[in-house]
Structures are given as structure tokens and as C-alpha cells.
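Everything on this sheet refers to the single structure shown next.
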Amino acid sequence: MVIACTRDCYDTCIFDETYTPLKIFPTLGFTCSRGLTDLRRNEINRVTRAYVEGKEKSIAEAIKYVAERLRGTDRRRVVHVEYDGNQGLLTWYYPARLWNAMGAVSTDYSICSLEGHEAIKAHYGSSMGALPEEMEKYRAVVFWGSEAVYSFIHGWRILKDKYKITVDVRVSETAKRSERAYIVRPGSDAHLALALMKVLLEEGRAKGELVDLRVLKEKLEAFDMSWLIRSTGLTEDEVRELAQLYTYYEPLTVIGFAIGRTYNGGYAAGLISMLPALLGMRRGFYYSNSQGWGIDFSYLRGTHVAKPSKVVGMGELGHSVGDFDFMFVWNSNPVVTLPGGDRIEEAVSEGKLFLVVHDPFWTETAKVANVVIPAPTFLEKEDVVYSYWHPYLVYNTPVRPKRGITEVELMFELAKELGFSSPLLDEDPWSALDVALRRTGVTVNELRRKGLVKVVPTGGREEVSVEPFPTPQELTLPQGRVLVYSAHPNYTNSQFSEVYGRRRAVVYSKDLEGDGYLEGPGGKVRVKFVKGDVGENVLFMYKSDLVDVGGKSINSILVPVRGKFGGPRLNDVVYVRLKG
Ligand SMILES: Nc1nc2c(c(=O)[nH]1)N[C@H]1C(S)=C(S)[C@@H](COP(=O)(O)OP(=O)(O)OC[C@H]3O[C@@H](n4cnc5c(=O)[nH]c(N)nc54)[C@H](O)[C@@H]3O)O[C@H]1N2
Ligand SMILES: Nc1nc2c(c(=O)[nH]1)N[C@H]1C(S)=C(S)[C@@H](COP(=O)(O)OP(=O)(O)OC[C@H]3O[C@@H](n4cnc5c(=O)[nH]c(N)nc54)[C@H](O)[C@@H]3O)O[C@H]1N2
Ligand code: SF4
Ligand SMILES: [Mo]
């Protein structure tokens, strides 16, 4: 009997029935501060009853109230918002069936990593990168836009004794612990990758086994080397040195999700992923392996038969909240974590939007909802869990008594109350899981019996396509200070404030100190500036701190631009002002 931590995290730690981490590769029997506090946190700040307009009700009454409201609402003005609060297949994916069958509006699930996935997939046929056991074999590693010391603790443990190189916009903890760190201008990663390609070709060190060098050379001719180097903020010697380190060590390249969320994000992720291929290395990068196991996520969500009436970008949801009358949220905290999330709160308080939240904890979004329904945590329900790093599928067996109603139960109860039927809802969830897992070669029964099963990755091509390739005109550089974010060791995104408190809007910069404001196209927030070891034109904050001193979401100031591959640009230019 085992259980995996289902949080949005590279590591997906697996525990035994006493909640002791298993001593297996690659999670190695240790866990993070959050894993250590989970059993205690499970008793704090929980939503234990249903609430309707602030009044305690039974879950059945709350469902009735939600169904009544839903019945009179145009489905094209109904949106469901869910993300990776719990990576379980039944918790995150399957419940979307109801909304898709109804023809409601869905988001595009783009907030975290879509931009990079799409770009890398275009080059390789799959965004699947190195497996943990492959990572172990490298002599060196490049952490490119990755604060792995905090965000990827088991990856860091496996790689920490290698020769480590970091490319970042600030002296991150990972940079501090690396043998070599290159601090670049925000958003210039595509420029750096192109400059490295030019050096590798020029010096005859690029190999043509996987990449068509003739095509690549032609494409690269459009780029002026001194412009590329100048854009990065590095010296020519530094760029040549990094190229040399690449050829000498043939390192693994870990591409952090932050790369996809900045200027030229998709191009940058794609071009960086090509560097190892240029040295003849197969799958010499790691971004996210979620697409590599063959899990049929579309089948789980039912989009193979029922498409949402519309798809709204996660970056745009807050700003298009006026398009909706009804919002159903689970597994995410959009008021804090989505750009313009404050507009959701505003629309609810003005009576323009009816908000339903299904969450185990009293989040900022739950606190302002019309209806709150208690959800069991991952410690309290059965599910099948995958990792976006290691190849284990896990059958989660609960270690704590269930509180609230599961996502699947809620979906069925709501459908029943509505009198809504669809062939999608006639299929038993566990049977649907079996179909969704068919390409992995694993069945639910086998998982139930064994607890965990290792799967073999699928997909991808041998040769690496040079396209999609940018033109110099397509690469844009930010003008001004760019606000960048990173993982805090004690929090997962907005979670864990019940244990560690809500840290409020501390912004690190090279030169500012004291109380002040950040201003973006969406508005203004109050923050505290602290001096830190960050690059020129960089403002840095932990993404656990996305609430300002007055309680307003930092995301209220962002109006994201869509990247080339559809993902939102979160790392953007903001203006600063000190108080007084
Ligand atoms: N400005 C800015 N914004 C950002 C980012 C940034 O760097 N800067 N980062 C972005 C990134 S990378 C991401 S991934 C997103 C994350 O955005 P969110 O997904 O909103 O992040 P979390 O704070 O982890 O919220 C997850 C929620 O799921 C709930 N949850 C956990 N388990 C369960 C469960 O079993 N059932 C249900 N029903 N709910 C559950 C938790 O209690 C929590 O409320 O934020 C994005 N927003
Ligand atoms: N402890 C902990 N672990 C987590 C999470 C958490 O909240 N806490 N969140 C999880 C989630 S949802 C995600 S998405 C991942 C995120 O984990 P990572 O992919 O590691 O990404 P971040 O930590 O967001 O940022 C990585 C680094 O990118 C740098 N950076 C920002 N902009 C640029 C740029 O333009 N160029 C370069 N080269 N570097 C840049 C930042 O300074 C930061 O040091 O971590 C997951 N793991
Ligand atoms: S948050 Fe990540 S490192 Fe921590 S217990 Fe969960 S999977 Fe492991
Ligand atoms: Mo993320």
C-alpha cells in the first residue's frame, strides 16, 4: 500500500502506509519541508462543511443550490477553472467530463508550461526528455532558468556532485552552488542559445547526426553575432566559454518552466533543447516528461467526443471575466495565481459572477466564493498519480479518513441534480482510467495490486527538426525592469500559508530599498523592496508571495501577452516607485 504526493512538483515522492518516504530511486527516502508537514497541515485551515453565501449548509443543499443556478445559465457563459493542485487523474482530469459534455467553456491549461511543451515537441516530436536514471549518468549539468535547489530537490540531489552550470537572471541558490554561473538579461535566453549554436558551428564542433546542419547554418546566418551577445549582457569570452563547457562536458540541460513564461519563451525553450542534439546527444535535456508516458488526458477529460464551447487562455481569464456568469473552480486558486485574478473577486462582489469553489483549504478564492464545497486532500482519497519527472504510476491509497466529497462524486451528484446525462458520464471512472492508460501498458488492477508500476516512455522522433526557428525580427527584448518569480522552498505556489503564513510581496532588486509600488498595465500593488543579488533590470519575488501588503494579488498588475506557442508571458516589464 503506497501513496504519492500529488502536488505540482517535479519529484512526486512516494510514501508507505505510515507516510514514510520509500527508499527507491529517484526519490531516495527523503522529502521536502512540505512533505514533512503534510499530516499536520491536513488538520489546519480545512473546509469541513459546505457554505452557501456564507452560511453553513449540507453538501447536498449546496449542490442543489449550484444546480439551480446552473440550470438557468447559458452554457457558453459557464467556465470551469482547474489546474494542478492535485495531479491525480481522477481529481484533476476526469471531472472536466461534465463541463465538456455540457458545452461549457474550458481554459487552455497554459499557465505553467504549455509554451515550452509545444516548442520542444515541435523540434523532437515529443517534449519527453531525460529519465532520472539517464540523468544520473551525465558528468555535468546546466540549470537553465531553474531554481532546482528549491523546486526540484531530488533532481538536485542526483545532480549535485556533477559539474554544474547555471544560466539565470540573478544569483539564485542554484547559481550559488554551481561551479559556474552566467547571469543574463531577462528574456535573452533565445539569443544566448543562438549565439552558442553559431560558435559550435563556426568551430566545427556541431554534429550532424540528429540535426540538419545545412538548414541550421542557413537560418543562423540571419543573426548578427555581436547583436546576439550584446542582447544577453554577457561578454563574448563568456559566451565562448559556455560553448566550450558544452562541448567538453556534454552536459544534461535542465530547462526550467520559467523560460517558457518570459520574453521569446517558446523559442528559447525550443532552441535550448536543441543544444544537446547539436552535440549528437539524444534526449540530452529535461523539461517535463508528462507527455512521455502515453496517458490519454483527452480521453479522461472527454474531449475525444465533447469539445468545450470555447477555450479561454489562462493568462486572459481574469481580464475576460465579463464573458462569464458562472465559474466552477477546483484544484487551483485563481484569484491569486492567475493574471487579473482580482477581477474574479471583483465580479463576484458586484454580483456579476457566481463562483463555486471545491477545495480542501480556505484559499483566497474559496473565501470570496458564493458556494464552497469541501474536498478531501490527496491523503484522503483513492486515485492514480503520475509524475512529470520519474516513470512511476502510483495507486494512491488513503492514509487519513475522508472529509468532504471527491471531485468525481461531486461531478456525478451535480449531473444527477441537473438531470443531465451524457454517454461520457455513463462510463465508470475506473474503466475510463483503464482506457486512458492503455498506451502505458499498465492497468488499474495491476496498479491496485502493486501500488506502483514503472512505465516505459513513448513517442518522439530520431531526427530533430530545426523548425520552428525565429527570425531576428521575432525576438523582442524587454525595455525596463522585468518582474521574475521562483519557487519558495516551504510553499507550493500559493499553498502552505496555513503552516508558514502568507509572506507579503517582498521584491528583490539591485538598488531599491523600502516600501513602494509595482505598476503594470493592469494596475498597482504595494510591495516592500529589499536589495538582492539580482541582474540589471530584474525584480525578483518568490511565487509564494503573490499577495501585496494590502491583500491584493500581485497578478492584478499583469495583462499577459501570448507567446508564439500559446502560453502566457508572466515575466513582464513593470514600473517601480518608492514611497515618499
Ligand atoms: N505572477 C505569477 N503568477 C503565477 C506564477 C508565477 O511565477 N508568477 N506561476 C504560475 C504557475 S507555474 C503555476 S503552476 C500556477 C499555479 O496556480 P494554482 O494551481 O492556482 O496554484 P496553487 O497555489 O498550487 O493552488 C492549487 C489549489 O489546489 C487545491 N488543491 C490541492 N489538492 C486538491 C484536491 O485534491 N482537490 C481539490 N479540489 N483542490 C485541491 C489547493 O488547496 C490550492 O488551493 O500559478 C501560476 N501563477
Ligand atoms: N518548493 C517548491 N517547488 C516547486 C514549486 C513551488 O512553488 N515550491 N512550484 C512548482 C511549479 S508549479 C513549477 S512551475 C516549478 C518551477 O520551478 P523552476 O522551473 O525551477 O522555475 P522557477 O523556480 O519559477 O524559476 C527558475 C529560475 O528562473 C529564473 N529566471 C526568471 N526569468 C528568467 C529568464 O528570462 N532567463 C533565465 N535564464 N532565467 C530566468 C529565476 O530567477 C529562477 O531562479 O517548480 C515546482 N516546484
Ligand atoms: S512537494 Fe514535491 S518534494 Fe515535497 S513531498 Fe511533494 S512531491 Fe515530494
Ligand atoms: Mo507551475
Side-chain angles (χ1 to χ4, degrees), residues 4-15 19 21 27 30-38 41 45-47 81-88 90-92 95 109-114 150-156 256-258 260-262 288 314-315 329-339 341 357-366 373-381 383 385 387-390 396 404-407 410 483-487 489-498 520 541-546 553-558 560 567-568 570-572 574:
C5 169
T6 60
R7 264 190 295 279
D8 189 349
C9 177
Y10 292 98
D11 306 61
T12 313
C13 295
I14 309 169
F15 302 80
Y19 214 63
T27 52
F30 71 96
T31 181
C32 71
S33 63
R34 289 151 290 153
L36 291 173
T37 46
D38 259 324
R41 178 189 182 230
N45 194 29
R46 290 292 299 273
V47 177
V81 182
E82 73 276 15
Y83 203 64
D84 196 355
N86 175 327
Q87 202 157 272
L90 292 182
T91 303
W92 183 10
Y109 307 105
S110 64
I111 195 67
C112 176
S113 58
L114 176 123
Y150 294 152
S151 66
F152 187 14
I153 60 169
H154 295 91
W156 173 256
F257 297 138
R261 299 191 295 260
T262 186
S288 157
M314 286 185 105
V329 173
W330 79 96
N331 239 6
S332 72
N333 185 15
V335 164
V336 173
T337 55
L338 293 192
V357 174
H358 185 212
D359 203 294
F361 296 95
W362 281 108
T363 62
E364 285 82 356
T365 311
I373 299 173
T377 63
F378 71 92
L379 298 166
E380 302 170 349
K381 61 191 162 199
D383 209 335
V385 181
S387 163
Y388 47 83
W389 177 41
H390 63 65
N396 264 20
I405 178 170
T406 69
E407 290 65 20
L410 177 56
L483 179 58
V484 311
Y485 316 84
S486 184
N490 289 341
Y491 300 76
T492 296
N493 303 320
S494 72
Q495 300 183 66
F496 277 84
S497 63
E498 50 280 312
M541 61 189 302
Y542 288 108
K543 57 176 163 183
S544 50
D545 301 11
L546 293 177
S553 168
I554 301 298
N555 266 315
S556 63
I557 68 175
L558 297 187
L570 297 180
N571 293 14
D572 220 328
V574 297

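As the structure lists them, so they are numbered: ligands from 1, and atoms in each ligand from 1.
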Distance-only N or O hit between ligand 1 and [X], under 3.5 Å:
X: Asp8; value: no
X: Tyr83; value: no
X: Gln495; value: yes
X: Asn333; value: yes
X: Thr363; value: no

Please confirm whether [X] comes under 4.0 Å of ligand 1, counting heavy atoms of the residue only.
X: Arg261; result: yes
X: Asp359; result: yes
X: Phe361; result: yes

(message) Side chains of Tyr388 and Asp8: any donor to acceptor distance under 3.5 Å?
(response) yes
(request) Indicate whether the side chain of Thr337 and that of Asn493 have a donor and an acceptor atom separated by less than 3.5 Å. (result) no
Show me which atoms of ligand 1 lie under 4.0 Å from any heavy atom of [X].
X: Cys112; answer: 12 (S), 14 (S)
X: Leu570; answer: 3 (N), 4 (C), 5 (C), 6 (C)
X: Ala375; answer: 38 (N)
X: Asn555; answer: 1 (N), 2 (C), 3 (N)
X: Asn86; answer: 32 (N), 33 (C), 34 (C), 35 (O)
X: Lys381; answer: 34 (C), 35 (O), 36 (N)

When you measure from [atom] to every protein heavy atom, which one gives the shortest distance, and what is it?
atom: atom 8 (Fe) of ligand 3; value: Cys13 SG, 2.3 Å
atom: atom 4 (Fe) of ligand 3; value: Cys32 SG, 2.2 Å
atom: atom 2 (Fe) of ligand 3; value: Cys9 SG, 2.3 Å
atom: atom 5 (S) of ligand 3; value: Thr31 OG1, 2.9 Å

(request) Check whether any N, O or S atom of Cys5, backbone or side chain, sits closer than 2.8 Å to atom 2 (Fe) of ligand 3. (result) no
(request) Measure from NZ or CZ of Arg7 to the centre of the six-membered ring of Phe378 and say whether it is under 6.0 Å with the direction within 45° of the ring axis. (result) no
(message) For a 4.5 angstrom cut-off between non-hydrogen side-chain atoms, does Ile557 reach Val574?
(response) yes
(message) Side chains of Arg261 and Pro568, heavy atoms from C-beta outward: is any pair under 4.5 Å?
(response) no
(message) Name the residue from Asn333, Val336, Leu338, Asp359 that meets the side-chain contact (heavy atoms from CB on, under 4.5 Å) definition with Thr365.
(response) Asn333
(message) Taking side-chain contact (heavy atoms from CB on, under 4.5 Å) as the criterion, tell me which of Leu90, Asn396, Thr406, Ile405 meets it with Lys381.
(response) Thr406
(request) Indicate, as side chain, backbone, both or neither, the part of Pro376 found under 4.0 angstrom from ligand 1 when only non-hydrogen atoms are considered. (result) backbone
(request) Could you tell me if the ring centre of Phe152 sits under 6.0 Å from that of Phe257? (result) no
